[in-house]
Amino acid sequence: MFDIRAIRKEPEFFDKAWARRGLEPRTSEILKIDEKKRRVQTLLQELQAKRNEESKKIGIIKKDGGDAMAQMEAVAAIKGQVAELEEKDRKLGEQLKNILSSLPNLLSVDVPDGTDEGDNKELYKWGDIKSLNGPDHVEIGEDIGGIDFEMAAKMSGARFTILIGAIARLERALSQFFIDIHTRDHGYIEVSPPLLVRDNALYGTSQLPKFAEDQFSTRETDHYLIPTAEVPLTNMVAGQIVDHDSLPRRYCAHTPCFRSEAGSAGRDTRGMLRQHQFYKVEMVSITTPEKSEEEHEHMLNCAETVLKKLELPFRTVILCSGDTGFGATKTYDIEVWLPGQETYREISSVSNCKDFQARRMNARTRVKGAKDTRYVHTLNGSGVAVGRALIAVIENYYDPIDGGIIVPEVLKPYMGGIEKIIRT
RNA sequence: GGAGAGAUGGCAGAGUGGUUGAAUGCACCGGUCUUGAAAACCGGCAUGGGUGCAAGCCCAUCCAGGGUUCGAAUCCCUGUCUCUCCGCCA
């Protein structure tokens with residue numbers, strides 16, 4: 001969502017910014033509606049002022065015991081006009097809001113230009129790739145008897161997985177490990193949020209109105225299943241004026257995520273890379289405009305840290321203009337090495353939304369005692385995707401000698417003595 | 001799920017159709033007094049928007065959306081949330 005006054009001031013700036021995302025100029029259309037709306041509004045307000053003034057006279061006449069009939073009829077005459085203008089004003093406002101809320105965030109200046117993920121820029125690599133190629137998690141998991149896709153398909157259809165035994169435990173261990181590191185070392189507060197939210201929450205984080213078809217919803221209560229914990233965590237400050245001294249606020253949560261994956265038919269159909277349901281540990285930071293870029297780097301570092309501790313090789317990329325998400329000004333992706341695919345795959349996405357979401361959800365901050373408020377900056381990042389981390393552990397810690405999976409050192413405390421997962 | 005009560009400024013809390021954008025208290029800001037502070041006293045203090053060079057003027061907002069009325073914080077309908085009681089339940 002954008003400040004209409006900022007668009008009035010420098011329309012070319014906005015058109016240029018949207019052009020970087022491959023969009024046509026929109027400001028002339030927006031300003032035309034805005035101008036029309038203000039004309040209507042001025043007219044309406046003048047009429048309302050007149051109505052109010054004349055109405056007050058009725059009260060005075062009646063108080064003095066006079067006959068107000070004539071005066072009442074005079075005011076009644078204004079009524080129809082007011083209603084008409086109100087309707088016009090409302091419609092124009094709606095039109096304006098629809099356009100403004102469907103336009104993506106402005107990109108940061110250091111985002112590279114490009115059309116799709118092929119143009120993302122690698123920033124650096126970390127870790128030694130020990131296994132260049134090998135069996136993928138499907139093969140390893142099914143062989144061990146810890147992953148069952150068929151059984152899941154029977155009860156839930158495609159894009160669901162059942163984990164069994166030590167593999168299920170390994171998934172839980174990963175979640176626990178991530179949360180523990182972020183709360184202990186990175187300043188995040190653990191939150192257990194609702195998994196079902198109302199449309200206004202999704203509007204706030206900008207999944208709605210544009211991406212409704214990507215969400216699951218409930219039939220009888222009109223709830224949406226969260227596509228990521230970014231939604232409830234960020235909405236914790238919706239409608240609030242948070243004390244400047246309490247920033248940054250750092251929240252993290254371990255939740256299931258639900259995605260309909262509309263539009264990705266045929267992509268990543270093998271294995272559990274792209275599911276309708278997966279666990280993710282999410283980090284959200286609420287901060288000030290001055291500190292958000294610094295916080296962005298901090299958050300990226302938090303996500304990278306857990307991969308380093310797991311000794312999983314990864315590379316970090318900055319998304320190009322065409323690949324950066326709707327609400328983000330800048331996004332870093334961390335891609336983990338998957339020997340089964342012989343490639344790096346996204347395991348974390350860390351974005352700075354600046355005031356884009358804050359405007360939508362009216363989340364502001366105020367210095368103690370000060371009069372004016374400012375919008376907060378919001379950031380979110382996976383820390384990291386648990387399902388994909390599980391794939392990465394399975395494939396990178398595969399032992400070709402016996403077909404087992406070695407439990408990474410840092411996960412051992414969570415595995416109850418299991419050091420290697422083998423066929424049962 | 002059933003029955004009832006409620007939602008007013010940063011907070012507490014008045015206000016049931018007419019100069020009420022809203023009493024009062026607390027908090028906050030400025031001033032007088034004081035060596036300084038406290039107390040006391042005086043004054044200020046909601047938000048969003050339109051218009052204007054500006055001072056200002058105007059409009060909207062008493063949970064949200066509709067309605068009744070010349071006029072709504074106040075009356076009616078719907079929704080949301082909170083509380084109380086009953087039922088059910090991990």
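Note on naming: letters A, B, ... go to the chains in the order of the sequence lines (proteins, then strands), and numbering restarts at 1 for each one.
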Enquirer: Mind checking the P distance from U80(B) to A72(B)? Whole angstroms is fine.
Expert: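 Taking atom P in both U80(B) and A72(B), they lie 26 Å apart.
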Enquirer: If we take the P atom in both C63(B) and A73(B), what is their distance in whole Å?
Expert: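 Their P atoms lie roughly 10 Å apart.
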Enquirer: It should be established whether Arg5(A) places a side-chain nitrogen or oxygen under 4.0 Å from OP1 or OP2 of nucleotide G49(B).
Expert: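 So the side-chain polar atoms of Arg5(A) do come within 4.0 Å of the phosphate oxygens OP1 or OP2 of G49(B), strictly under.
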Enquirer: For Ile7(A) and Thr27(A), work out which heavy atoms get closest and say how close.
Expert: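 Heavy atoms of Ile7(A) and Thr27(A) come nearest at CG2-CG2, 3.9 Å.
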Enquirer: Which residues pass the salt bridge (charged side-chain N to carboxylate O under 4.0 Å, His left out) test with Glu150(A), not counting sequence neighbours?
Expert: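 Once residues adjacent in sequence are excluded, Glu150(A) has no partner under the salt bridge (charged side-chain N to carboxylate O under 4.0 Å, His left out) criterion.
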Enquirer: Under 4.0 Å between a side-chain nitrogen and a carboxylate oxygen: does that hold for Arg259(A) and Glu261(A)?
Expert: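 Between Glu261(A) and Arg259(A) there is no salt bridge, as every charged N stays at least 4.0 Å from the carboxylate O atoms.
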Enquirer: For residues 90-98 of chain A, please give each side-chain donor-acceptor pair under 3.5 Å, one per line with the distance, not counting sequence neighbours.
Expert:
unit_1	atom_1	unit_2	atom_2	d
Arg90(A)	NH1	Glu94(A)	OE1	3.0
Arg90(A)	NH2	Glu87(A)	OE2	3.0

Enquirer: Just the rounded figure in Å: distance from C1' of A46(B) to CZ of Arg364(A).
Expert: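 It is 11 Å, rounded to the nearest whole Å.
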Enquirer: My understanding is that only residues two or more places apart in sequence, or in another chain, count here; which of them pass side-chain hydrogen bond (donor to acceptor under 3.5 Å, both in side chains) with Thr331(A)?
Expert: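 side-chain hydrogen bond (donor to acceptor under 3.5 Å, both in side chains) list for Thr331(A), sorted by chain: Ser351(A).
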Enquirer: In whole angstrom, give me the gap between the C1' atoms of G79(B) and C26(B).
Expert: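 After rounding to an integer number of Å, I get 34 Å for this pair.
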Enquirer: Work out how far the C1' atom of G67(B) is from that of G30(B), and round it to whole angstrom.
Expert: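 Taking atom C1' in both G67(B) and G30(B), they lie 46 Å apart.
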Enquirer: Exactly one of Lys291(A), His377(A), Glu295(A) should register a side chain to side chain donor-acceptor pair (under 3.5 Å) with Ser285(A). Which one does?
Expert: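 So the option named by the test is Glu295(A).
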Enquirer: Expressed in whole Å, how much space separates the P atoms belonging to G15(B) and U69(B)?
Expert: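 28 Å, rounded to whole Å.
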Enquirer: Quick one: list whatever passes side-chain contact (heavy atoms from CB on, under 4.5 Å) with Gln81(A), sequence neighbours left out.
Expert: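 In terms of side-chain contact (heavy atoms from CB on, under 4.5 Å), with neighbours along the sequence ignored, Gln81(A) is linked to Leu47(A).
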Enquirer: Which parts of residues 34-43 of chain A get close to RNA chain B, meaning a heavy atom less than 4.0 angstrom away?
Expert: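 Arg38(A), Gln41(A), Thr42(A), in order of number.
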Enquirer: Polar-atom pairs under 3.5 Å, protein N or O versus N or O of nucleotides 17-20 of chain B: list them with distances, or write none.
Expert:
unit_1	atom_1	unit_2	atom_2	d
G18(B)	O6	Lys62(A)	NZ	3.2
G18(B)	N2	Ser55(A)	O	3.0

Enquirer: Protein within reach of the bases, or only the backbone? For nucleotides 74-83 of chain B, mark each nucleotide 5' to 3' as B, S or -, using heavy atoms under 4.0 Å.
Expert: ------SS--
Enquirer: What are the atom names and distances for every N/O pair under 3.5 Å that joins the protein to nucleotides 60-66 of chain B?
Expert:
unit_1	atom_1	unit_2	atom_2	d
A60(B)	OP1	Arg51(A)	NH2	3.3
A60(B)	OP2	Asn52(A)	ND2	3.4

Enquirer: In whole angstrom, give me the gap between the P atoms of A23(B) and C45(B).
Expert: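 To the nearest whole Å, 11 Å.
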Enquirer: Which whole number of Å gives the distance between the C1' atom of G21(B) and that of G4(B)?
Expert: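 After rounding to an integer number of Å, I get 32 Å for this pair.
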Enquirer: Could you tell me how far apart Lys79(A) (NZ) and A72(B) (P) are, to the nearest whole angstrom?
Expert: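 It is 9 Å, rounded to the nearest whole Å.
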Enquirer: Starting at CG of Asp89(A) and ending at P of C59(B), how long is that distance when rounded to a whole Å?
Expert: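 Rounded to whole Å, this separation is 15 Å.
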Enquirer: Can you confirm whether Lys121(A) is buried at NZ, in the sense that more than 12 heavy atoms of other residues, nucleotides or ligands lie under 6.0 Å from that atom?
Expert: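 12 or below, so no.
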Enquirer: Among Lys36(A), Lys37(A), Arg38(A), Lys32(A), exactly one meets salt bridge (Lys or Arg N to Asp or Glu O under 4.0 Å) together with Asp34(A). Which residue is that?
Expert: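 Among the candidates, only Arg38(A) passes.
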Enquirer: Asn105(A) and Gly327(A): which non-hydrogen atoms are nearest, and at how many Å?
Expert: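 Smallest interatomic distance, heavy atoms only, reads ND2-O, 2.9 Å.
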Enquirer: To the nearest 0.5 Å, what is the distance between SG (Cys353(A)) and CZ (Arg359(A))?
Expert: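 Answer rounded to 0.5 Å: 13.5 Å.
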Enquirer: Is the distance between the ring centroids of Phe2(A) and Phe14(A) under 6.0 Å?
Expert: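 Distance test on ring centres: under 6.0 Å, yes.
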Enquirer: Take Asp3(A) and Leu44(A), find for each the nucleotide of RNA chain B with the closest heavy atom, and name the residue whose nucleotide sits nearer the 5' end.
Expert: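 Going by which nucleotide is closer to the 5' end, it is Asp3(A).
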Enquirer: Applying side-chain hydrogen bond (donor to acceptor under 3.5 Å, both in side chains), can you list everything that pairs with Gln45(A), at least two apart in sequence or on another chain?
Expert: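 Listed in chain order: nothing, the list is empty.
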Enquirer: In whole angstrom, give the distance that lies between atom CG of Leu47(A) and atom P of G50(B).
Expert: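 The answer, rounded to whole Å, is 19 Å.
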Enquirer: For Lys97(A) and G49(B), what is the distance between atoms NZ and C1' respectively, to the nearest whole Å?
Expert: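 Lys97(A) atom NZ is separated from G49(B) atom C1' by 16 Å.
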Enquirer: Apply side-chain hydrogen bond (donor to acceptor under 3.5 Å, both in side chains) to Asn235(A) and list each qualifying residue two or more places apart in sequence or on a separate chain.
Expert: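 In terms of side-chain hydrogen bond (donor to acceptor under 3.5 Å, both in side chains), with neighbours along the sequence ignored, Asn235(A) is linked to no residue.
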Enquirer: Rounded to the nearest Å, what distance is computed from the CZ atom of residue Arg366(A) to the C1' atom of nucleotide C29(B)?
Expert: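 After rounding, the reported distance stands at 13 Å.
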Enquirer: Identify, with sequence neighbours excluded, every residue that meets side-chain hydrogen bond (donor to acceptor under 3.5 Å, both in side chains) alongside Lys412(A).
Expert: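 By the side-chain hydrogen bond (donor to acceptor under 3.5 Å, both in side chains) rule, Lys412(A) matches Glu409(A).
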Enquirer: Roughly, in whole Å, what's the span from NZ in Lys50(A) to P in U51(B)?
Expert: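 From Lys50(A) NZ to U51(B) P: 21 Å.
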Enquirer: How would you label the contact of Arg359(A) with the nucleic acid (heavy atoms, under 4.0 Å): base, sugar-phosphate, or nothing?
Expert: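 Since no nucleic acid heavy atom lies under 4.0 Å of Arg359(A), the category is nothing.
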Enquirer: Without hydrogens or angle criteria, can the side chains of Gln48(A) and Glu53(A) be said to hold a donor-acceptor pair below 3.5 Å?
Expert: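 Not at all, the side chains of Gln48(A) and Glu53(A) share no donor-acceptor pair under 3.5 Å.
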Enquirer: Taking Glu290(A) first and then Arg374(A), would you say they form a salt bridge - that is, a charged N and a carboxylate O separated by under 4.0 Å?
Expert: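 Yes, this pair counts.
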Enquirer: Ring pair (Phe, Tyr, Trp, His ring centres under 6.0 Å) with His254(A): which of Phe177(A), Tyr279(A), Phe178(A), Phe278(A)?
Expert: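 The residue from Phe177(A), Tyr279(A), Phe178(A), Phe278(A) that satisfies ring pair (Phe, Tyr, Trp, His ring centres under 6.0 Å) with His254(A) turns out to be Tyr279(A).
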Enquirer: What's the gap between U74(B) and U84(B) when it is taken at their P atoms, as a whole Å value?
Expert: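 One P to the other, the span is 27 Å.
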Enquirer: Could you give the CG-to-P distance, from Leu92(A) to G50(B), as a whole number of Å?
Expert: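 My rounded result for the distance is 14 Å.
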Enquirer: Counting a pair only when it is Watson-Crick or G-U and both distances are under 3.5 Å, which runs of at least 3 such pairs involve RNA chain B?
Expert: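 Counting only runs of 3 or more consecutive pairs, the stems involving RNA chain B are B:1-7 with B:80-86, B:10-12 with B:24-26, B:28-32 with B:40-44, B:46-51 with B:56-61, B:63-67 with B:75-79.
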